[in-house]
Amino acid sequence: MSSPATPRSFAPVLRSEWLKIRTLRSLLGALLALFAATTAFSAIAGVSETSDPEFDPLFMALSGVGPGQIAAISFGAMAVSSEFHGGGLRLSLAAVPRRGRWFAAKLLAIGVPTLAVGLVTAFAALVVGRAGLGDAASGLSTGEQTRGVVGCAVYLTLMALFAAGVAALMRSGVGALSLIIPFILVVSFVIGDAAGAGVADFLPDRAGQAVLYETPDRTLGPWAGLGVTALWTTAAVTAGAWSLRRRDA
């Protein structure tokens, strides 16, 4: 009978997965793009004039997360799909035969840097967004801004892990991106227009982004929305883990 996994036995697996990510320029580029795109678009939104007197200043300051999340999704999908090229997965599983342990290490190696970069990104986006909004953002409380920054980072992390799960299920980064990106950019809004806002509020992107609003005018509150996104992520990761266990490397 094999002994249960211990933190000491898990640490080398996690270190190995982190080294893989750190040495792939495309993955580091995705994290850099996450920071650059989010802060740039938040800065643009901050200085853009709006004719809506009821606009949400917190969401406006953090609105760069819309394009920025594409980089987070790409990071999660590519980190997993890189294993399916050139027999990489066979080598990984030869070193770590327990597929569940390997996948857990891979997810942690994706989630931790995404969360760290997400926190820095969200804070920078809020700073540049508020600078552009000026007095329009003066009513934001410290608690609301903290919730927006932390919630934004958690949301980006969940979306990266969601993409990782889908990539593991489909065994393809291109396939995962071809499914997820059009969904969040087009299909989510089409469903919202066709079925009503109540249904769209439970989609992974729309639910999680409720945390970016000062006053969410949605079915779900900020943390409940993140909880729904977490359920979508859990489902995707579970499906990916099932695929890894059932299919040949």
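Positions are given from 1 along the sequence. Owing to the predicted nature of the structure, the values given are computational and were not obtained by experimental measurement.
- Panel note: side chain Gln69, backbone Gly66; a donor-acceptor pair is recorded below 3.5 Å.
- Counting heavy atoms from C-beta on, the side chains of Met159 and Ile184 come closer than 4.5 Å.
- Contact of the Phe183 side chain with the Leu203 side chain is registered, since non-hydrogen atoms from C-beta on lie closer than 4.5 Å.
- Remark: Leu115 CG to Ile110 CD1 distance equals 13.5 Å, nearest 0.5 Å.
- A donor-acceptor distance shorter than 3.5 angstrom exists from the side chain of Thr229 to the backbone of Pro204, with no hydrogens or angles considered.
- Note: the hydrophobic cluster containing Leu27 also contains Leu156 (ILVMFWY, side chain heavy atoms under 4.5 Å, direct or indirect links).
- A pairwise comparison of heavy atoms in Glu17 and Trp102 identifies OE2-NE1, 2.8 Å as the closest pair.
- When side chains are defined from C-beta on, Arg147 counts as touching Leu58, because their heavy atoms get closer than 4.5 Å.
- Expressed to the nearest 0.5 Å, how far OG1 of Thr114 lies from CZ of Phe75 amounts to 4.5 Å.
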* Give the intermediate values and the outcome of side chain to side chain contact (heavy atoms under 4.5 Å, CB included) for residues Leu212 and Cys152. => CA-CA 7 Å; Leu212 305 180; Cys152 180; 3.6 Å; yes
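- Here CG of Leu126 is found 7.5 Å from CZ of Phe123. Values are rounded to the nearest 0.5 Å.
- Criterion: ILVMFWY side-chain heavy atoms under 4.5 Å apart, direct or through other members. Under it, Val237 and Leu231 are not part of a common hydrophobic cluster.
- Atoms OG1 and CG, on Thr157 and Leu107 in that order, are 12.0 Å from each other to the nearest 0.5 Å.
- Nearest heavy atom pair, residue Glu144 against residue Gly139, reads OE1-O, 4.1 Å.
- There is no path of hydrophobic side-chain contacts, each under 4.5 Å, that joins Val120 to Leu34.
- The backbone N or O of Pro12 lies less than 3.5 Å from no partner atom in the side chain of Ser16, so there is not a single donor-acceptor pair.
- With hydrogens and angles disregarded, no donor-acceptor distance shorter than 3.5 Å links the side chain of Ser243 to the backbone of Gly240.
- Side-chain contact between Pro113 and Leu31 is present, with at least one heavy-atom pair separated by less than 4.5 Å.
- Cluster membership for Val154 and Phe162, using ILVMFWY side-chain heavy atoms within less than 4.5 angstrom, is shared.
- Contact record, Val13 with Ala105: CG1-CB, 3.5 Å, taken as the closest heavy-atom pair.
- Nearest heavy atom pair, residue Ile70 against residue Leu185, reads CD1-CD1, 4.0 Å.
- Counting heavy atoms from C-beta on, the side chains of Asp205 and Gln209 come closer than 4.5 Å.
- Cluster membership check: Leu28 does not share its hydrophobic cluster with Leu14, using side-chain heavy-atom separations under 4.5 Å among Ile, Leu, Val, Met, Phe, Trp and Tyr.
- The environment of Phe59 atom CZ is dense: over 12 non-hydrogen atoms of other residues, nucleotides or ligands sit within 6.0 angstrom.
- Within the 4.5 Å cutoff, the side chain of Ser74 has heavy atoms near those of the Leu177 side chain.
- Counting only distance, with no hydrogens or angles, the side chain of Trp18 and the backbone of Lys106 share no donor-acceptor pair below 3.5 Å.
- Distance alone, capped at 3.5 Å, places no donor-acceptor pair between the Thr38 side chain and the Phe35 backbone.
- With rounding to the nearest 0.5 angstrom, the CE atom of Met60 is 5.5 Å from the CZ atom of Phe55.
- Looking at Pro57 and Glu214, their side chains come closer than 4.5 Å, going by heavy atoms from C-beta outward.
- Taking 4.5 Å as the limit, every side-chain heavy atom of Ile181 sits out of range of all side-chain heavy atoms of Val186.
- Contact record, Ile180 with Ala163: CD1-CA, 3.6 Å, taken as the closest heavy-atom pair.
- Between the side chain of Asp56 and the backbone N or O of Tyr213 there is no donor-acceptor pair closer than 3.5 Å.
- Within the 3.5 Å criterion, the main-chain N or O of Val80 finds no donor-acceptor partner in the side chain of Glu83.
- Residue Leu161 is tested with Ile73, Thr233, Leu108 for a side-chain contact (heavy atoms from CB on, under 4.5 Å); the sole match is Thr233.
- When all heavy atoms are compared, the tightest approach of Ser172 to Ser81 is C-CB, 4.0 Å.
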* side chain to side chain contact (heavy atoms under 4.5 Å, CB included) between Arg245 and Phe103: does it pass, once the steps are laid out? -> CA-CA 10 Å; Arg245 288 179 178 275; Phe103 194 44; over 6 Å; no
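- In terms of modelled atom types and a separation under 3.5 Å, the side chain of Ser138 and the main chain of Asp135 share a donor-acceptor contact.
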